[in-house]
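Below you'll find the structure, written out as structure tokens, and then a few comments.
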Amino acid sequence: MADDGLKCVFKGQTFEAEIVRSRLEDSGIPAMIQNNSLSAVFSSYTYTAGDVTVMVNASDETAARALLADRSDTRPNVMRTFTKVQDLGDMDLALSEAFEIKKERFKFSELGKNRTLLMVFFNSSLRTRLSTQKAAMNLGMNVIVLDVNQGAWKLETERGVVMDGDKSEHLLEAIPVMGCYCDVIGVRSFAHLTDKAEDYEERILNQFIKYSGKPVFSMEAATGHPLQSFADWITIEEHKTVKRPKVVMSWAPHPKSLPQAVPNSFAQWMTYVGYDVVITHPEGYELEPEFTKGARIEYDQMKAFEGADFVYAKNWSAASAEHYGQILSIDRSWTVGERQMSVTDNAYFMHCLPVRRNMIVTDDVIEGPRSLVIPEAANREISATVVLKRILEGLSD
Ligand code: CP
């Protein structure tokens, strides 16, 4: 750059500054990124404390400011909805943002000032409830929690129903009303496991997206749990010792019929980020290929575990149209224990929790030194903070 005096045209996070610099340079305006000590920053993965600045020559300042006046593509990662991995955009940026927030989780505590998060639960939760509320508090937001089944009117969800039963209010009025009282909505609504088409349409979540008038994110819906998978991914990135670890997701027995949301999301996210993913389960438990594309399916659990770097245990019910929602096996030889872990490459054990001990995993494995279940749960605060931050950044004043 010529030295006719440098002028600051942007101040913000390193990854945003990289985008601004590229945009300026693509338009023929030389630019450089400086950190607090006025040193040049050469990589978006150089974590700097505090904001960095983008500098241009004084003679380019007016043109640069005009170019940047439209900021729509300087913040490409702002979100309106968060329901799937693709909503995160550039995954490297998402990960660097997660690590940045983990280092300094109150860095954006002004962003949510006078903003309200409404968390709507149609189903129970411990981790999602606490971690998402904490994330909102990290960002300075106010939080309202609504447990639909405790104290709210019983809601009808189908159109065309004559409402002469016990349901007093229709979701199609309740949703826009909820939207009046908040800026962002998180929704937890599990699969009912009776009608596959209805579950896989994500009817409740999509009605919130369509009718609330507010940005909506999934806190686990019928077919996916993206906040969990984001936290799982952060956890693996923190612990992996090879670039492309072998990640094995194993079905394990459970006494109740459970949805496919967590395994769907986990398979989708881990293949999307390019890990070597193997899914093992008894025959009949195949997941929808749209989620497992890129993963290998291995029906022999011991063979699947060989050389694994990470083992992710989870139960799910059958996903096929023929047996949708059914329990086809409670074979406890699939319970993850020392026998399976001994053929791995000293693998870490993961589970999203809550977990049924000695059905899904033995006491020894979950309590062992390679168990990541608590760090995984802790990272739920980080994934939720990144998601809420990006949604807040997309709100108009
Ligand atoms: N993993 C998870 O979503 O936990 P909760 O159901 O307790 O929120």
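Note that ligands are numbered from 1 as they come in the structure, with each ligand's atoms numbered from 1 the same way.
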(request) Answer side chain, backbone, both or neither: which part of L353 comes under 4.0 Å from ligand 1, heavy atoms only. (result) backbone
(request) May I ask you to test the T83-E202 pair for a side-chain heavy-atom distance under 4.5 Å? (result) no
(request) Please state which part of M219 comes within less than 4.0 Å of ligand 1, counting heavy atoms only: side chain, backbone, both or neither. (result) neither
(message) Can a side-chain donor-acceptor contact be found between Y200 and Q260 if the only test is distance below 3.5 angstrom?
(response) yes
(request) Please report which non-hydrogen protein atom sits nearest to atom 4 (O) of ligand 1, along with the residue it belongs to and the distance in Å to one decimal place. (result) R127 NE, 2.9 Å
(message) Is any side-chain heavy atom of D232 closer than 4.5 Å to one of E376?
(response) yes
(request) Under 4.0 Å from a heavy atom of R380: give me the atoms of ligand 1 that qualify, with their elements. (result) 1 (N), 2 (C), 3 (O)
(request) List the closest protein heavy-atom neighbour of atom 3 (O) of ligand 1: residue, atom name, distance to the nearest 0.1 Å. (result) H225 NE2, 2.8 Å
(request) Measure the distance from atom 6 (O) of ligand 1 to every protein heavy atom, then report the residue, atom name and distance (to 0.1 Å) of the closest one. (result) R188 NH1, 2.8 Å
(message) Counting non-hydrogen protein atoms only, what is the nearest one to atom 7 (O) of ligand 1? Give residue, atom name and distance.
(response) L126 N, 2.7 Å
(request) Could you list the residues that satisfy side-chain hydrogen bond (donor to acceptor under 3.5 Å, both in side chains) with E198, not counting sequence neighbours? (result) none
(message) Before you tell me yes or no, could you show the steps for I366 and V373 under side-chain contact (heavy atoms from CB on, under 4.5 Å), namely the whole-Å CA-CA distance, both residues' side-chain angles and the distance that decides it to 0.1 Å?
(response) CA-CA 8 Å; I366 197 168; V373 296; 4.0 Å; yes
(message) Once rounded to the nearest 0.5 Å, what's the spacing between atom OG1 of T385 and atom NZ of K102?
(response) 11.0 Å
